[in-house]
J.: 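One structure coming up, written as structure tokens, with questions to follow.
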Amino acid sequence: MHKQLEQEAAARERSAATAPPRHVGIIMDGNGRWAAARGLPRFEGHRRGVEAVRRAVREAKDIGIRYLTLYSFSAENWSRPVQEVSDLMGLLKRFIRNDLADLHRQGVRVRIIGRRDNLASDIRALLAEAEDLTRANTGLTLVIAFNYGSRQEIADAARRLALKAVAGEIDAASIDVAAMSRELETADIPDPDLVIRTSGEQRLSNFLMWQAAYSELVFLPLLWPDFDRSAFDSALAEYASRERRFGGLGTASARTGS
Ligand code: IPE
Ligand code: IPE
Ligand code: MG
């Protein structure tokens with residue numbers, strides 16, 4: 001009995017100590033299936049997906065999350081039909097044009113990660129505008145992963161380090177985990193504590209693979225356009241029930257020494 005009470009107290013202590021995650025990444029998946037289930041074109045799913053983005057940003061702010069990274073277009077999504085790619089580009093443009101002023105008013109700082117060089121110049125200009133306008137904001141940081149691929153990001157970082165070494169700017173022997181982290185696009189962003197993926201798929205699909213080394217992963221069965229506060233809360237509750245160990249010993253075994 002005594003043991004059980006002790007365990008319950010320890011569990012309460014653990015969950016009380018679990019502040020909201022500082023950084024949440026979301027793999028927003030299932031727009032196409034949401035539309036197909038309703039006999040609608042995929043575009044309609046993506047359009048409703050943007051509404052879910054607006055909700056998620058508001059909720060993240062309310063919850064007190066500091067960084068929210070949304071996976072919006074992967075480096076591999078170019079392999080979709082030309083029309084769908086163009087629809088997704090159009091939705092990003094519309095999102096920035098329609099929502100940037102409001103995000104700015106809310107004190108949101110917008111950051112974009114992903115390759116820019118193969119994007120159309122009007123999109124590049126909008127991304128730059130979003131970052132420039134909100135640069136000094138101190139509220140939620142909204143990181144939009146657009147045309148993003150983790151492998152590409154890591155390869156780019158490795159290439160830059162190699163070039164610096166060849167140029168004699170750094171010593172190749174000094175390249176370590178911290179040096180790589182500093183070279184990534186996320187250099188000044190803390191690693192995600194929690195990565196949520198909707199739609200039931202259980203994979204990272206090239207999302208923040210370096211940064212998510214110790215993230216808690218939560219897979220939700222619902223489709224992205226249906227993501228709402230209760231889905232967010234259930235992912236956070238799941239996160240709060242996890243024990244993050246980072247390769248060390250858990251609090252329970254550390255306490256009992258077993
Ligand atoms: C996520 O929904 C949006 C993007 C990948 C851009 P999907 O378009 O992948 O939807 P499903 O997975 O086909 O249902
Ligand atoms: C991952 O979803 C990319 C985004 C959510 C932007 P996908 O639908 O492209 O991933 P796969 O192809 O199912 O792995
Ligand atoms: Mg998908």
Side-chain angles (χ1 to χ4, degrees), residues 23-57 59-60 67-99 110-116 118-120 123-124 126-127 130 142-155 184-186 189 192 194-212 215-228 231-232 235:
H23 181 178
V24 175
I26 308 185
I27 302 171
M28 310 183 289
D29 197 17
N31 294 349
R33 278 164 281 175
W34 184 94
R38 288 160 181 78
L40 298 168
R42 290 177 61 84
F43 174 75
E44 201 46 35
H46 294 314
R47 202 182 62 75
R48 292 291 293 261
V50 176
E51 289 172 24
V53 165
R54 294 193 179 101
R55 286 197 297 275
V57 171
E59 286 151 10
Y67 297 83
L68 177 69
T69 299
L70 299 178
Y71 201 11
S72 323
F73 190 88
S74 77
E76 287 74 34
N77 285 147
W78 294 101
S79 64
R80 296 191 178 195
V82 175
Q83 184 58 53
E84 179 160 351
V85 168
S86 133
D87 287 345
L88 289 167
M89 297 289 153
L91 283 172
L92 175 80
K93 285 194 270 187
R94 258 170 49 195
F95 175 70
I96 294 180
R97 287 193 183 118
N98 292 337
D99 288 59
V110 180
R111 295 279 308 270
I112 321 287
I113 56 171
R115 283 248 181 103
R116 310 270 175 116
N118 57 342
L119 294 175
I123 296 195
R124 285 212 302 266
L126 279 168
L127 298 181
L142 171 63
V143 184
I144 302 176
F146 192 82
N147 193 21
Y148 174 84
S150 198
R151 288 178 167 177
Q152 290 80 352
E153 180 191 32
I154 292 168
L184 298 174
E185 292 190 79
T186 52
I189 298 171
L194 166 65
V195 171
I196 300 170
R197 182 170 187 149
T198 57
S199 92
E201 308 297 351
Q202 303 195 358
R203 53 177 172 265
L204 284 177
S205 300
N206 211 7
F207 181 61
L208 299 181
M209 293 192 299
W210 174 283
Q211 299 85 342
S215 302
E216 295 301 325
L217 308 180
V218 171
F219 300 103
L220 296 176
L222 86 177
L223 303 170
W224 176 250
D226 292 327
F227 187 85
D228 59 7
F232 215 149

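In listed order, ligands and their atoms are each counted from 1.
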J.: Checking one value in my table: which N/O/S atom of D29 lies closest to the Mg ion (ligand 3)?
T.: OD1
J.: Where is the nearest protein heavy atom to atom 2 (O) of ligand 1: which residue, which atom, and how far?
T.: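 Closest protein heavy atom to atom 2 (O) of ligand 1: N31 N, 3.1 Å.
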J.: Can you tell me if an N/O/S atom from E201 lies under 2.8 Å from the Mg ion (ligand 3)?
T.: no
J.: Show the atoms of ligand 2 that are less than 4.0 angstrom away from any heavy atom in S205.
T.: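 Close to S205: 1 (C), 10 (O), 11 (P), 14 (O).
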J.: How far is atom 7 (P) of ligand 2 from its nearest protein heavy atom, and which residue and atom is that?
T.: R80 NH2, 3.7 Å
J.: Would you call E76 and R80 a salt bridge, using N to O less than 4.0 angstrom?
T.: no
J.: I need the atoms of ligand 1 closer than 4.0 Å to a non-hydrogen atom of H46, numbered in the order shown.
T.: 3 (C), 8 (O)
J.: Closest approach of R33 and E201, non-hydrogen atoms and distance?
T.: NH1-OE2, 2.8 Å
J.: Can an N or O of N77 be found at a distance shorter than 3.5 Å from an N or O of ligand 1?
T.: no
J.: Which label fits Y67 and H23: parallel for a plane angle under 30°, tilted from 30 to 60°, or perpendicular past 60°?
T.: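 Ring orientation of Y67 relative to H23: tilted.
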J.: How does F207 reach ligand 2, if at all, at less than 4.0 Å between non-hydrogen atoms: by side chain, backbone, both, or neither?
T.: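 For F207, there is no contact with ligand 2 at all, from either part.
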J.: When you measure from atom 10 (O) of ligand 2 to every protein heavy atom, which one gives the shortest distance, and what is it?
T.: R197 NH2, 3.2 Å
J.: With only distance considered, is D29 within less than 3.5 Å of ligand 2 through an N or O on each side?
T.: yes
J.: I need the minimum non-hydrogen distance between P225 and R55, along with the two atoms involved.
T.: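 Closest pair (atom of P225, atom of R55, distance): O-NH2, 2.9 Å.
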J.: May I ask you to decide whether E51 forms a salt bridge with R48, counting only side-chain N to carboxylate O separations under 4.0 Å?
T.: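 Answer for the salt bridge query: yes.
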J.: Quick one: does G30 get a heavy atom under 4.0 Å from ligand 1?
T.: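 Yes, G30 has heavy atoms under 4.0 Å from ligand 1.
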J.: I want to check something: taking the side chain as every heavy atom from C-beta on, are V85 and F73 in contact at a cut-off of under 4.5 Å?
T.: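 Yes, at least one pair of side-chain atoms sits under 4.5 Å.
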J.: With respect to S72, determine whether any N or O atom, backbone or side chain, lies less than 3.5 Å from an N or O atom of ligand 1.
T.: no
J.: For ligand 2, is there an N or O atom under 3.5 Å from any N or O atom of R203?
T.: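 N/O-N/O distance below 3.5 Å exists for this pair.
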J.: Taking all atoms of both residues into account, what is the closest heavy-atom pair of A56 and W224, and its distance?
T.: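 Reported closest heavy-atom pair: CB-CH2, 4.0 Å.
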J.: Which atoms from ligand 2 have a heavy atom of F73 less than 4.0 Å away?
T.: 6 (C)
J.: If you take the nearest heavy atom of each of E201, E84, R33, M28, which one is closest to atom 12 (O) of ligand 1?
T.: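 Going through E201, E84, R33, M28 one by one, R33 has the nearest heavy atom to atom 12 (O) of ligand 1.
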J.: So, taking the atom named CD in Q152 and the one named CZ in R115, what distance separates them when rounded to the nearest 0.5 Å?
T.: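 Separation between the atoms: 6.5 Å.
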J.: If every non-hydrogen atom of S199 is compared with every non-hydrogen atom of D29, which pair is closest and at what distance?
T.: OG-OD2, 3.0 Å
J.: How far does CG of L119 sit from CZ of F146, to the nearest 0.5 angstrom?
T.: 6.0 Å
